[in-house]
Protein chains: 2
Amino acid sequence: MVSLLDVARAAHVSKMTVSRVLNHPDQVSPEIIADVQQVIAELGYVQNRAGRALANNRHYNIAFILLDDINEIEPYYAHLLMHLTDELRHAGYTLEMRHDRNFDLTNVDGFLVSGARGSDFELLQSLTVPVVIYGTEPGIPSVDIDNKAGTQLATNALLDAGYARLIYLGIDMSEPFAINREVGYRDAMLTAGRTTEIYHLPNDEHAAQAFLADLNLCGNTGIVAATDRLGLGALRAGRSQGLTVPTDLGIVGFDGIYIHQLAELPLTTIQQPLATIAQHMVALLMKQLAGETVTSVYVVPELLHGATTA
Amino acid sequence: MVSLLDVARAAHVSKMTVSRVLNHPDQVSPEIIADVQQVIAELGYVQNRAGRALANNRHYNIAFILLDDINEIEPYYAHLLMHLTDELRHAGYTLEMRHDRNFDLTNVDGFLVSGARGSDFELLQSLTVPVVIYGTEPGIPSVDIDNKAGTQLATNALLDAGYARLIYLGIDMSEPFAINREVGYRDAMLTAGRTTEIYHLPNDEHAAQAFLADLNLCGNTGIVAATDRLGLGALRAGRSQGLTVPTDLGIVGFDGIYIHQLAELPLTTIQQPLATIAQHMVALLMKQLAGETVTSVYVVPELLHGATTA
DNA sequence: GATTGTTTTGAAAACGTTTTCATTATTTTT
DNA sequence: AAAAATAATGAAAACGTTTTCAAAACAATC
């Protein structure tokens, strides 16, 4: 392994000069910069991160902590992770994967956290390094989609399409996002002067299908689903009752990764903009590392038009 | 941050003794081990990885390189990654995520690679650190499922169920796994004295659905699909032709993550045993780090019985 | 042309650990 | 009980970088 000292010797300068070429080139004369850079290229020198970490106590490494249980990991995490990796690399950082409550910070400059809940938040707030969560929690810098705006979009799309009856299929309200999605539907309906019709189900396509089978949908109905899984169940319930989608039954899901593509008809859905989310998460972290204080960011999702709306 | 020296002072021993308690406890007297461990606990000491890396040139960090394009990432990677993270942590290592051709090894003791192809393999072979790939390539330690055994399982399941006609829906043969899956079907059919019927399609449920719509399936047919996507298409084609699944039409897919669960009927499939794969990948890497030479591992997948076979 | 100020470079120490080697304490052998 | 062998401990150096401080080179001012 070629070290800073090797470069220094080959370029007939001191280690410090080489270090400065890499970190503070403004403090070095142009000719020497050129020389050193050429030697670096010739020797194939790469900075040793352990040495650097030891010297200046920064690790250029961010831990992404995914706290969801392994059986409940949404498939879009693969994408989020890739985007985060890209963004961090672009900022000169690596991403370390964790999926336990290991907040050890000996090797890390900050945390990106997803799936935190309850007592996790207190722990996160007590940390001495920057944190950004994917989700929402007062007092912790976070990135989240604007769930309310999402269901407003969905509801308005179905209202515009002219469905006579507009149902909201919601899930358990224990998580903030579930509440906000419902509020979005409620608000949009209120604004339009329409009566709301809300049901709560487990987040499972079979549950939705069974529930709607009993509900007798009877045509000209729109369904705002809190998740794509519920949307998928609605689609199946409708078709098995002989309803034509989207003529008799319109459906908008929520999340927009994988599930909607694999449905019998491509599901119209509210798309999680994962690339944008990743950008914001890394940006908030970098700002904190630079000493700025930051507030949370809410990304307005987009309506992805499939075949289940007119 | 509390350092080794702090612990040493508090325990009235030298730094070395503390280091030995952590790395070579057999060389330290039992009473001192107990003392030091208590001080470590009291002070909340955590080993500094940069210092350790610098001193012994090991980083206790493995890079997982995912080379697939971001738009082609299979959702089950989220799971594979979680399992790899777990296994590595268990072995005392962290997982660093990469998804580019950055084989920089200044911060890393080895590589786990998925999605490598063509020239990647030469590069991987020229590296000075251990590598394990997910897939198959002569000369590189790898973990892969036994694709041939998988389609044999699938084919035999359908043969046992007594379907009169048994079709194989395959994909482009450019990747070794595609070839092996087809060979498995062929072998099983030959062994049973049956005539093969093989078609190649793009790996897309709509393509499969369209293709089978033209084929006129006519009942008592079994389909061995090279992927769950094709299996899903087959399911839809069959149902839209009025065939009852699994009575008139039996289907077995391949891969077993997400897609089969979301299908109209749970798809019988050949399940990728991701936990087992992760275990083997990490085990092969650890063996190499310990100086052993290793060979590749092929994991026989299991038939996951859904509702598309009798 | 001396004085001040600025830019450029270098030397030494520091970060936290482990390795190597030397020393001391303990046990075993004679 | 002395000698030899072994076990337990410590001191110093090393890993590769950056920080801090000092020195040298150069430019600008009087």
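Proteins come first, then strands; the chains are lettered A, B, ... in the order of their sequence lines, and each starts at number 1.
- Here the side chain of Leu54(A) is nearest to one of dG16(D), dT18(D), dT9(D), namely dG16(D).
- Closest-nucleotide positions on DNA chain C for Lys15(A) and Gln27(A) were compared, and the one nearer the 5' end corresponds to Gln27(A).
- Between dT17(C) and Ser19(B), no contact under 4.0 Å exists linking OP1 or OP2 to a side-chain N or O.
- Here the C1' atom of nucleotide dC15(C) and the CZ atom of Arg52(A) are 15 Å apart, to the nearest Å.
- Using a 4.0 Å heavy-atom cutoff across all strands shown, Asp6(A) reaches no nucleic acid atom at all.
- Within the model, atoms CD1 of Ile70(A) and CE of Met82(B) stand 7.0 Å from one another, a figure rounded to the nearest 0.5 Å.
- Computed from coordinates, the Arg58(A) CZ to dC15(C) P distance equals 18 Å when rounded to whole Å.
- One finds a side-chain N or O of Thr17(A) lying less than 4.0 angstrom from the OP1 or OP2 phosphate oxygen of dG10(C).
- Taking atom NE2 of His59(A) as the reference point, atom C1' of dT17(D) lies 13 Å away to the nearest angstrom.
- Contact check, Asn56(A) against dC15(C): no side-chain N or O comes under 4.0 Å of OP1 or OP2.
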Residues Asn61(A), Thr94(A); criterion side chain to side chain donor-acceptor pair (under 3.5 Å); working and verdict: CA-CA 5 Å; Asn61(A) 187 33; Thr94(A) 50; 2.8 Å; yes
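- Residue Leu124(B) is tested with Ile65(B), Val132(B), Ile140(B) for a side chain to side chain contact (heavy atoms under 4.5 Å, CB included); the sole match is Ile140(B).
- Within the 4.0 angstrom heavy-atom criterion, no nucleotide atom of any strand lies near Arg49(B).
- When rounded to the nearest whole Å, the span between CG of Asn23(A) and P of dT9(C) equals 16 Å.
- Not one side-chain nitrogen or oxygen of Ser14(B) sits closer than 4.0 Å to the OP1 or OP2 atom of dA11(D).
- Between Tyr60(A) and dT18(D) there is no side-chain N or O to OP1 or OP2 distance below 4.0 Å.
- Atom pair Leu4(A):CG and dT17(D):C1' shows a separation of 7 Å (rounding to whole Å applied).
- Place His24(A) and Ile32(B) on DNA chain D by their nearest nucleotides, and Ile32(B) ends up nearer the 5' end.
- Counting non-hydrogen atoms under 4.0 angstrom, Asn57(A) reaches nothing in the nucleic acid.
- Taking the centre and axis of the six-membered ring of Tyr60(B), the NZ or CZ atom of Arg52(B) falls inside the cone set by 45° and 6.0 Å.
- Atom pair Met16(A):CE and dA24(D):C1' shows a separation of 16 Å (rounding to whole Å applied).
- Once rounded to the nearest 0.5 Å, the distance linking OG1 of Thr293(A) with NZ of Lys287(A) reads 10.0 Å.
- Residue Glu31(A) is the one, among Glu31(A) and Gly51(A), whose nearest nucleotide of DNA chain C lies closer to the 5' end (criterion: closest heavy atom).
- Residue Asp26(B) contributes atom CG, which lies 12 Å from atom P of dT9(D) at whole-angstrom precision.
- The distance between atom CG of Asn48(B) and atom P of dG16(D), rounded to the nearest whole Å, is 16 Å.
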